[in-house]
S.K.: 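Encoded as structure tokens, here's the structure I'll be asking about.
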Amino acid sequence: MLSSNLNIVWGIGLSIFPYFILAFIPVWNQLRYSKKTVIMVGTFCMLLNIVSVILIIEWVPQWNSLRFFHSVFFLILYIGVYTAVVRGTPSKLLFVAFLVKSYADFIVSMAKFLEVSYLTYGLHRVYVQTSYSFYFNLFQCVILIMSYPLIWIFFRKKIGQVMQTHNKAWGYLWIIPLVYYIISLAFGSMNAALIAQWQFFVFNLVSFFGFYLIYYVVIEMLEQSQKNIILAESNEIIKQQLLFQSEYYKKFGECIEETRKGEHDLRHHLNTVLGLIKQQHRDKAENYLSELLGNRLSISDILHCGNDAVNAILGYYANICKLEGIDLSIETMVPRDLEIDETDLCVVFGNVLENALEACRRITAGNKTIKLSSRFIGNKLYIAVDNCFSGEIRLKNGVYLSQKRAEASGIGIISVRAIAKKYDGEASFEAIDQLFRVTVVLSNRSQKVIRETTMKSDHLGINNNPCQLEH
Amino acid sequence: MVYIAVCEDELEHQEKISDFIKKYGITNCCDFEISFFSTAADFWEQYQVRFFNIVFLDIYLEEGNGIEIGKKLRNMGEDCQMVFITSSRDFAIEGFELNAQHYIIKPIIEEKLVEALNRCLMTLAEDMKAIEIPVGKLDVAIRLKDIIYVEVFNKVSVIHTTCEDIKTYLPLSQLETVLGGSPFLRCHRCSIVNMNFVADYSSTDFIMKNGDRVAIPRSNSVAIRQQYLDFIFTKVRGESGAKQ
């Protein structure tokens, strides 16, 4: 067979390298340092591990008693390195680390069992305790090849997703894989005779699948609860939207009423002005006229774009901003008939404006300005909101945190992101020198019809400078 | 010479506008020719395709409506500069959607008119920008705003414009410097697109307004898309720098 040192290198490489990759799958985009640095640190740790095992085996032949301390020492080292190079809540990272460790332990136990059984029953040899023998490595390889793809998918699809959620349960979730680790530690110190029994095999297999089933259920539940949070929030937004709508219609009604009354009163007003002029009260007549002009509720105060649902929201926020002395400028172009669901559109506009409004309310001194602009170009709707803010924006793991709830990320931002994703677009949020800039792109779903119409209108609008309104 | 049309039914306002424009012409050394129309019918009677550079429109005309004139002009493919002059803000959205340069609310102040003229002339100057490209033994002038995209086949650069395809041996890298950045984007080793002509995009290509597809290399697709989005959002935000 192979030389013993080569076997050790092979064995340790096998018992570290695949798990290293596994541990980094769900957190690959939240590394603290560059990928190169992380890979170098990982390789260094692995080399350290391999060299230390070879040295120990050279110096202390009866190293089995040392094995436990060695294993625990390196586990702590790995977890330390892991939490150091990855941004994230320690409890979440701990969960992933123990999850990987439990998988590694399962592979080792299974390989050990197969090695002992094969040597005893297959080759009819007396099993002698050795470390990283050729057969042990071989079986390790076989089991890894069989199970690794499944685990890979599980880590990539499930764990990666669930890492983004926020839940109190994360605080103690890592205990589950820790329990498994402790159990497997107890078995690790068993002697070969015990390990070779079929009961051990069954126990190992069943407990492993049992634990992974638990993880699966827990993850599903976490995902579900996250969905519920978003659902509740969007429910809230729909309720608010109804409020906006009714306010909008009320204003619309007022506007109609005003016009009707205006027509009725016109005669009266003209008579008054005529009287004033006859009496040579030029100043009074002027005052009277300017007062009349000022009173009129203009349709342009409630219409901001061609889309009624968006109008309702914009009208609501325009009103609030007027009351609170916030300078809101709106330059929107949202077509009337979009394939984008109106509720989704309202969630996006409502959320970004709500965030901007909140940020402006926090400003104690200085300008309070919000600038909303949107355009429909190609078959995509582009929305940009810029607002001033004061103080610090709290950021955690690349996610902007809510100013209302401690430690929770802004749900508004999450729902805007989710909707952008739904419409094949993107949403980005950035803070530069006291200016918070939000950009959202949404694709209009039914592509063919829209493209034909927009191609026409876009061709016409080659000079796309926005026209400025006088306020 | 810049040709200006003014649709305005009140003589008093006509005079005011005329005075302000003339004054602007003298101070800024511009040559203007102003035509006045008091009804929509009047305007259409004298209308010639692509004759007017700037059109001032009053919304409430005695006969006809300024917004209707603007819509009709745009539908005919007219890319002239539009400025609305009116007494209320009621049609501001329509004005915005017609890409008007300005929306002036009466009474007319000189300052506002000057601002509108400044904007119109700036865009007109931008539209006139052209490059000279050697085609065979000749130098051909191409307006930047007419270029849809450029691609290379066997060392021949093909410039696709709104009216024709022009072939030149000028290498693409040199063309890129001549075109001078935004709104032109080098999206591939062998193509440059005018971002104003992008109708849509996917992860693999840009779909131009004439229906052609220009490939985006997979290795660089994220960066290219970000550059396009940055351009679009500068335009959406109405910041200077997004040149038409």
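Only a predicted model underlies this, so the values are computations on that prediction, with no experimental measurement involved. Proteins get letters first, then strands, A, B, ... in listed order; numbering begins at 1 in each.
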S.K.: Using non-hydrogen atoms and a 4.5 Å limit, figure out which bit of A:Ile383 sits close to chain B: side chain, backbone, both or neither.
M.R.: backbone
S.K.: Quick check on A:Thr332 against chain B: is it the side chain, the backbone, both or neither that has a heavy atom closer than 4.5 Å?
M.R.: backbone
S.K.: Just wondering, are more than 12 heavy atoms of other shown residues or ligands nearer than 6.0 Å to CE in B:Met128?
M.R.: no
S.K.: Which heavy atom in A:Arg375 sits nearest to a heavy atom in B:Lys235, and how many Å separate them?
M.R.: NH2-O, 4.4 Å
S.K.: How many angstroms lie between OG in A:Ser374 and CZ in B:Phe233, if you round to the nearest 0.5 Å?
M.R.: 9.5 Å
S.K.: Evaluate the side-chain proximity of A:Lys380 to B:Ile232: yes if any heavy-atom separation is below 4.5 Å, no if none is.
M.R.: no
S.K.: I'd like to know whether CG of B:Asp165 has more than 12 heavy-atom contacts from other residues, nucleotides or ligands below 6.0 angstrom.
M.R.: yes
S.K.: Check each atom of A:Thr439 against the heavy atoms of chain B and say whether the ones under 4.5 Å are side chain, backbone, both or neither.
M.R.: both
S.K.: Hey, what do you get for CG (B:Asp200) to CG (A:Asn444), rounding to the nearest 0.5 Å?
M.R.: 10.0 Å
S.K.: Identify whether the distance between the nearest side-chain nitrogen and carboxylate oxygen of B:Arg237 and A:Glu331 falls below 4.0 Å.
M.R.: no
S.K.: Would you check if B:Leu229 and A:Val441 make a side-chain contact, meaning some heavy-atom pair closer than 4.5 Å?
M.R.: yes
S.K.: Is it the backbone or the side chain of B:Phe84 that comes under 4.5 Å from a heavy atom of chain A, or both, or neither?
M.R.: neither
